[in-house]
Amino acid sequence: MSVSPAAPIDPKIIVALDYASAQPALDIAARLDPALCRVKVGKELFTAAGPALGETLVARGFGVFLDLKFHDIPNTVASACKAAAKLGVWMMNVHASGGGGMLRAAREAVALESRRPKLIAVTVLTSLAQSDLADIGMQGDPAAAVLRLARLAQGAGLDGVVCSAQEARTLRDACGPAFNLVTPGIRLADASAMPAGDDQKRVMTPRAALEAGADYLVIGRPITQSADPIATLQRIQREIGA
Ligand code: C5P
């Protein structure tokens, strides 16, 4: 009797390592299993610890999402994406509002790399509500802007977008099953797990986000600032059936 090979594990949770220096990030990474979650290195940690930290996490077997949200002229973004791809990261991102030319330049830059990372685009930050968009001259509700920017990113050949889980269902229908939807703004049903003064506005629970069509959940403070981060991660994994 032949036994079919086990499907490769594709961890859904990306733990945002939003720390001010390398050591706490490495400490928590040492307690995480790279087969069960991925990690995200964002602007704070990258600026403080440098590219070496990303390479260390890659060497430890983690799928690393390099969340630097590049937004500049096409030539500059393409060069930055090329440099980031050389770190061996699993995923990286740019701002869709940088325009079609910038998105295509970024995609072409990473396509030439031997270890091509997934390249996704930020649509509308999950910290922005309708009134915030009006302040910067964007008409309409966030959902309409997200859909417009997701279509732009898909047309430019990107692998997916960062969006709020509240927009995931619409984007899944509009962009098809292969387009990656990465959703921050994840909050646990138990709100006491979050410190006061939360800046995320368009939020959803882990299970609801996956049911709405999200592929990957970016979760930071609900895990990293909880009393027991590893127990919290395990609780979320049980909740989503991972
Ligand atoms: O702590 P919290 O769960 O809110 O962390 C969310 C993470 O996702 C942060 O690292 C933030 O920079 C990132 N992110 C976001 N909104 C986006 C893109 C990334 O909150 N649109």
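Note that ligands are numbered from 1 as they come in the structure, with each ligand's atoms numbered from 1 the same way. This is a predicted model, so every value here is computed, not measured. Here, residue 1 is the first one in the sequence, and each next residue gets the next number.
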Using a 4.0 Å heavy-atom cut-off, say whether [X] meets ligand 1 through its side chain, its backbone, both or neither.
{"X": "Val162", "value": "side chain"}
{"X": "Pro222", "value": "side chain"}
{"X": "Asp67", "value": "side chain"}

Can you list the ligand 1 atoms lying under 4.0 Å from a non-hydrogen atom of [X]?
{"X": "Val218", "result": "7 (C), 8 (O)"}
{"X": "Leu125", "result": "17 (C), 21 (N)"}
{"X": "Arg187", "result": "2 (P), 3 (O), 4 (O)"}
{"X": "Asp18", "result": "9 (C), 10 (O)"}
{"X": "Gly220", "result": "1 (O), 2 (P), 3 (O), 5 (O)"}
{"X": "Arg221", "result": "1 (O), 2 (P), 3 (O), 4 (O)"}

Of Lys43, Lys69, Glu44, which has the heavy atom at the shortest distance from atom 12 (O) of ligand 1?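 It is Lys69 that holds the nearest heavy atom.
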Is the closest basic N to carboxylate O distance between Asp159 and Arg116 below 4.0 Å?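 Looking at Asp159 and Arg116, the cut-off is met.
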Has [X] got a side-chain atom pairing as donor or acceptor with [Y]'s backbone, closer than 3.5 angstrom?
{"X": "Arg115", "Y": "Lys86", "answer": "yes"}
{"X": "Asp72", "Y": "Val77", "answer": "no"}
{"X": "Asp215", "Y": "Val182", "answer": "no"}

Parallel, tilted or perpendicular: which one describes the rings of His71 and His95, with boundaries at 30° and 60°?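 Correct class here is tilted.
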Give a yes/no on ligand 1: does Lys40 have at least one heavy atom closer than 4.0 angstrom to it?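 Yes, that is the case, since the closest heavy atom of the residue is under 4.0 Å from the ligand.
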Does ligand 1 have an atom that lies less than 4.0 angstrom from a heavy atom of Gly42?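 Judged by the 4.0 Å heavy-atom criterion, Gly42 does not count as contacting ligand 1.
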Assess the residue pair Ile236 and Arg238 against the criterion (side-chain contact (heavy atoms from CB on, under 4.5 Å)); give the C-alpha distance rounded to whole Å, side-chain angles, the decisive distance to 0.1 Å, and a yes or no. CA-CA 5 Å; Ile236 299 169; Arg238 277 196 302 277; over 6 Å; no
With a 4.5 Å cut-off on side-chain heavy-atom distances among I, L, V, M, F, W and Y, is there a chain of contacts connecting Ile230 to Ile219?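 Both belong to a single hydrophobic cluster.
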Can you list everything that forms a side chain to side chain donor-acceptor pair (under 3.5 Å) with Gln23? Sequence neighbours excluded, please.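 Applying side chain to side chain donor-acceptor pair (under 3.5 Å) to Gln23 gives Asp27.
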